[in-house]
Every structure is written in C-alpha cells, then in structure tokens.
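Predicted model only: the values in this text are computed from it and were never measured.
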Amino acid sequence: MQRSHIVRPAAMVWGAVVYMPVGVNYLGFALVLAALLLAGQWRERASRVRAHALWWPVAAYVAWTFIVLALGPHYPQTPSNLAHGLRIAATLLMALALTREEALWALRGFVAVTLLNLVMIALYYTVGFPVYEAWRGTLMEVGNKSISNALLFAVFGASAAVLGFAWLAARRWGPAVAAFAFPVAVAVVDATALISRTAVLGLLVAVALAALHQWRRRLHLVAPALLLGGALAAAALWQAPAIQTKMALGLQELEAAQAGAVSKGSWVIRFYMYRDTARMIADRPLAGWGIGGWTDQWHLRGPALLADSNMPHNDFLWMGAQAGVPGALSLLVIMGVGLWLAWHRRDLTGRLALVAMLVLMLATSVNSALRDAQIGLSLLWVAMLYLRLAGEPDEPWRELAPRLRAIRRSRAA
C-alpha cells in the first residue's frame with residue numbers, strides 16, 4: 001500500500017467508531033492524524049485547507065486563543081482547556097485536509113455503523129442480549145455519550161430525509177418511502193431509548209430546513225405541507241412518555257431556578273450557568289478571564305451544589321468567558337460560515353451539509369458539543385466530513401453507494 005493510501009482506512013475507522021466510548025474516538029483521532037502526517041502530499045493538503053472558506057475563521061480562533069494564553073492569567077484548568085480548544089481546530093482542519101475519496105471512506109464507515117447500530121437497538125429491545133460498555137451509550141441513556149450518539153442518529157435520520165426529498169422530486173416513490181423510514185426510526189430511538197430532547201429537536205429542525213432548502217422557490221406551494229407535517233411529527237413525538245416527562249420536568253426545573261431553587265436538574269444547571277457565564281463576559285468582554293478561567297470563576301459565582309461542573313453547556317459562552325467577545329465571535333463565525341456554505345449550495349450535497357451543520361449548531365448551543373470530547377470528537381468529525389464534501393464541484397454523495405447514483409441532480413426550482 002502506498003503511503004498516500006493509508007489515510008482512507010484510517011478515516012473509515014474513525015467514522016466507524018464514532019458511537020463507541022470517548023477513548024476509542026481519541027484513538028480514531030490519533031490514527032487519522034498519524035496517517036495524515038505519514039501519507040505525505042502535505043503541500044496539496046495545505047493548499048486545500050487554505051483555499052476553504054473556514055481557513056481564516058479557524059486561524060483567527062487559534063490565534064486569539066494563543067494571544068489570550070500569552071497575555072492572560074493561567075489556572076489549573078488551563079492545559080486541559082487549551083488542549084480541547086486546539087483539538088476542536090485540529091478536527092476541523094483534518095477533515096478539510098482529506099481528499100474527496102478519503103472523506104467518502106470516512107462517511108462509509110459512519111453510515112455502515114449507524115445502520116448496524118439501528119439493527120442492534122431493534123434486537124436489544126425485542127430479543128434482548130447482554131450489554132457491554134462499548135455499546136451501552138448506544139442502547140440506553142447513560143450521560144453525554146448517549147447524547148452524542150442520539151445527535152449522530154439525528155444527523156443520519158435527517159440525511160435520509162434529504163435523500164427522501166430528492167427521490168420525491170425525481171418521482172421515485174419506493175426509494176422515497178424507504179428513505180423516510182429512517183428519520184422515523186431515529187426519532188423513535190432518540191425519544192424512547194436515548195431520551196435526548198436536543199437530538200429530537202435537531203432532527204425536526206434539520207428535516208424542516210432541508211425541505212425549505214429544496215423547495216424555497218416554491219415556498220407558497222409547500223408551506224402548508226411543511227407546517228402540517230411538522231405539526232404531525234411534533235404531536236407524534238409528544239406522545240412518547242419519556243419526552244413528555246423530560247419536557248415537563250425541564251419546565252418545572254426552570255421555574256424553580258428562576259425562583260432561586262438550586263438542584264442538579266438539567267435546566268436548573270443551565271439557568272445558573274448561562275446567567276453567571278453571561279456576567280463573566282460582561283465583566284471582561286475583551287479578553288475574558290483567560291484560558292481555563294471559566295471553572296475558576298464558576299466556583300466563585302455559581303451555587304456550591306453545582307461546583308463540580310467544568311463547562312457551561314454552551315460553547316459560545318465558554319469561549320466568551322475565557323477569551324472574551326472576540327473568542328466567542330471567532331467560534332460563532334466558524335459555525336456561521338459552515339451554515340452559509342451549506343445553505344448557498346442548492347443541490348443534494350448542500351442540503352446534506354446543511355442538516356449536519358444545523359444539528360452541530362444546536363448541540364453547540366445547549367450541550368457543549370465542541371468542548372465536551374464525548375460529543376465533540378464524534379459529531380464535529382462527522383459534520384465536518386459533510387462540509388468537506390460540500391466543497392466539491394459536483395455531487396460526491398452519488399459515489400457513497402450505488403443506489404444514490406440514481407438520484408437525479410435536483411436544484412431548487
């Protein structure tokens with residue numbers, strides 16, 4: 001095997017282990033990084049990265065991080081926060097450095113393991129089998145890793161809906177019906193097994209925006225169908241007892257937090273984190289409190305019961321607290337440019353990138369999807385693979401599987 005070919009299997013391995021525990025994902029990260037370093041073709045890869053619209057936002061994000069690191073105070077949490085910040089940038093740049101074929105191999109791994117996991121979940125809840133740690137977070141709600149997996153399922157389900165819309169436009173009814181079975185299955189899994197409100201909401205928003213993207217010039221014709229479909233989907237998901245319970249509990253927690261109560265409830269924690277982190281940014285808007293400064297300030301400002309938290313469940317607030325408004329804006333621009341690139345590409349590839357970026361954006365806003373490696377190593381990698389393929393001039397998704405080649409090229413009419 002030529003050295004240049006070692007990146008394809010490495011990328012596919014990382015794509016195939018995204019649902020596994022965070023340590024395995026770090027191994028995937030290291031494997032792809034080592035393969036890129038050993039494969040050569042550095043000038044070609046560097047040229048590809050520098051030509052991408054995300055290059056300057058990522059460069060600004062990294063540069064401002066080092067400026068704040070050099071000039072600001074340091075804390076016990078500084079090394080870990082710096083490592084996570086650079087890991088975010090490295091994941092972005094590694095995905096953009098892949099060739100077209102390497103990115104497709106990575107996504108083949110993601111698609112194959114997602115299909116396998118959906119089958120495994122169906123068997124677990126019908127036939128039953130022993131649960132091992134490697135797939136515990138895929139089968140049940142166990143914390144941030146199950147949230148990560150639910151979000152990955154949401155990306156996959158929304159992607160299937162995008163294909164369904166394309167087949168509808170081509171009047172291929174059988175494949176369209178089969179494609180729409182996947183977002184329904186994903187919604188059931190996310191609402192009943194993994195019980196992730198963020199993933200369910202992300203799936204609904206992504207599918208709705210994908211439909212809007214495809215038929216935006218015929219919005220007056222499809223708007224009633226979109227509204228009716230969205231209402232029916234929301235009503236169906238609301239029937240899931242787990243979602244009803246979580247939403248009702250969340251509203252109760254928010255009301256209690258506004259009244260001054262403190263608990264470890266999910267929405268209570270977010271209420272205090274968002275409020276106090278916003279105050280941190282207001283106190284030092286230019287350069288923040290320094291890399292790693294959020295935890296130190298949280299211990300001083302936040303309720304003692306919640307002192308063990310190390311991130312504010314919102315990556316823009318996290319960057320704002322430790323690197324000021326410029327730091328938060330640099331991260332926001334990265335996400336905004338990704339969404340802009342996807343939205344302004346009007347074909348299948350653009351819609352697929354759009355749904356991935358929408359799920360990532362939502363999770364970044366409410367679940368620390370970048371700072372938390374349990375989510376950020378998987379979801380960010382997959383979303384950036386989608387965005388990498390959106391930089392190709394044609395529709396590379398047709399090469400992912402033979403069936404996809406039958407989809408007609410459909411631009412918004």
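Distance check, rounded to the nearest 0.5 Å: CH2 of Trp289 to CZ of Arg284 gives 4.0 Å. Note that CG of Asp347 and CD of Gln214 are 10.5 Å apart. Values are rounded to the nearest 0.5 Å. Expressed to the nearest 0.5 Å, how far CG of Leu116 lies from CD1 of Ile121 amounts to 10.0 Å. One distance of note links CG of Leu96 with CG of Leu387; it measures 7.0 Å at 0.5 Å rounding. Leu163 CG to Leu168 CG: the interatomic distance, rounded to the nearest 0.5 Å, is 11.0 Å. One finds the CE atom of Met12 at 11.0 Å from the CZ atom of Arg8 (value rounded to the nearest 0.5 Å).
Salt-bridge annotation for Glu399 and Arg108: absent, with no side-chain N of the basic residue lying under 4.0 Å from a carboxylate O of the acidic one.
Side-chain contact between Trp14 and Leu27 is absent, with no heavy atoms from C-beta onward closer than 4.5 Å. In this structure the side chain of Trp343 never reaches within 4.5 angstrom of the side chain of Met357, judged on heavy atoms. Counting only heavy atoms from C-beta outward, the side chains of Thr78 and Leu69 approach each other to under 4.5 Å. Between Val68 and Gln322 there is no side-chain heavy-atom pair separated by less than 4.5 Å. The closest side-chain heavy-atom distance from Phe153 to Asn117 is below 4.5 Å. Two residues are said to be in side-chain contact when any heavy atoms from C-beta on lie closer than 4.5 Å; Phe66 and Leu86 meet this criterion. Residues Asp372 and Asn367 have side chains not in contact (no heavy-atom distance under 4.5 Å, counting atoms from C-beta outward). The closest side-chain heavy-atom distance from Arg45 to Glu102 is below 4.5 Å.
Nearest heavy atom pair, residue Ala35 against residue Val7, reads O-CG2, 3.6 Å. Between Gly157 and Leu203 the shortest heavy-atom distance is C-CD1, 3.9 Å. Closest approach of Val262 and Pro303 over heavy atoms only: CG1-CB, 3.6 Å.
Arg345 places a side-chain N or O within 3.5 Å of a backbone atom of Ala390 that can act as its donor or acceptor partner. A side-chain donor-acceptor contact under 3.5 Å links Ser148 to the backbone of Gln374. Between the side chain of Arg87 and the backbone N or O of Leu370, at least one donor-acceptor pair lies under 3.5 Å. Looking at Asn314, its side chain never comes within 3.5 Å of a backbone N or O of Val366 through a donor-acceptor pair. Asp315 places a side-chain N or O within donor-acceptor distance of the main-chain N or O of Ala369, the cut-off being under 3.5 Å. Between the side chain of Ser368 and the backbone N or O of His313 there is at least one donor-acceptor pair closer than 3.5 Å. Under the 3.5 Å distance criterion, the side-chain polar atoms of Arg371 are left unmatched by any main-chain donor or acceptor of Gly85. No donor-acceptor pair closer than 3.5 Å links the side chain of Ser47 to the backbone N or O of Arg43. Judged by distance alone, with hydrogens and angles left aside, the side-chain atoms of Trp294 form no donor-acceptor pair with the main-chain N or O of Asn310 at under 3.5 Å. Counting only distance, with no hydrogens or angles, the side chain of Tyr125 and the backbone of Leu139 share a donor-acceptor pair below 3.5 Å.
Other residues, nucleotides and ligands place no more than 12 heavy atoms under 6.0 Å from the OH atom of Tyr132. The 12-atom threshold is not exceeded at CZ of Phe182, counting heavy atoms of other residues, nucleotides or ligands nearer than 6.0 Å.
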Do Trp298 and Tyr272 pass the ring pair (Phe, Tyr, Trp, His ring centres under 6.0 Å) test, and can you show the C-alpha distance, the side-chain angles, and the key distance before you say yes or no? CA-CA 10 Å; Trp298 175 246; Tyr272 287 107; 7.7 Å; no
Take Val32 and Trp381 through the test side-chain contact (heavy atoms from CB on, under 4.5 Å) and record every step on the way to the result. CA-CA 11 Å; Val32 172; Trp381 172 242; 4.1 Å; yes
Could you go through Phe110 and Leu385, starting from their C-alpha distance and side-chain angles, then the distance that decides it, and tell me whether this counts as side-chain contact (heavy atoms from CB on, under 4.5 Å)? CA-CA 10 Å; Phe110 168 64; Leu385 292 174; 5.9 Å; no
Show, in sequence, the C-alpha distance, side-chain angles and deciding distance for Leu389 and Leu107, and conclude whether the side-chain contact (heavy atoms from CB on, under 4.5 Å) test is met. CA-CA 10 Å; Leu389 290 181; Leu107 283 166; 3.4 Å; yes
Verdict with reasoning, Leu54 to Met384, per side-chain contact (heavy atoms from CB on, under 4.5 Å): CA-CA 11 Å; Leu54 278 179; Met384 288 303 110; 4.2 Å; yes
Between Thr138 and Tyr124, does the side-chain hydrogen bond (donor to acceptor under 3.5 Å, both in side chains) criterion hold? Intermediate values first, please. CA-CA 11 Å; Thr138 305; Tyr124 176 74; over 6 Å; no
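Applying the ring pair (Phe, Tyr, Trp, His ring centres under 6.0 Å) test to residues at least two apart or on different chains, none of the pairs has a partner in residues 81-101.
Aromatic rings of Trp397 and Tyr386 (six-membered ring for Trp) have centroids within the 6.0 Å cut-off, being under it.
Under the rule for a side chain to side chain contact (heavy atoms under 4.5 Å, CB included), Ala278 has no partner lying at least two apart in sequence or in another chain.
Aromatic ring pairs are classed by plane angle as parallel below 30°, tilted from 30° to 60° and perpendicular above 60°; the pair Tyr26 and Phe29 is perpendicular.
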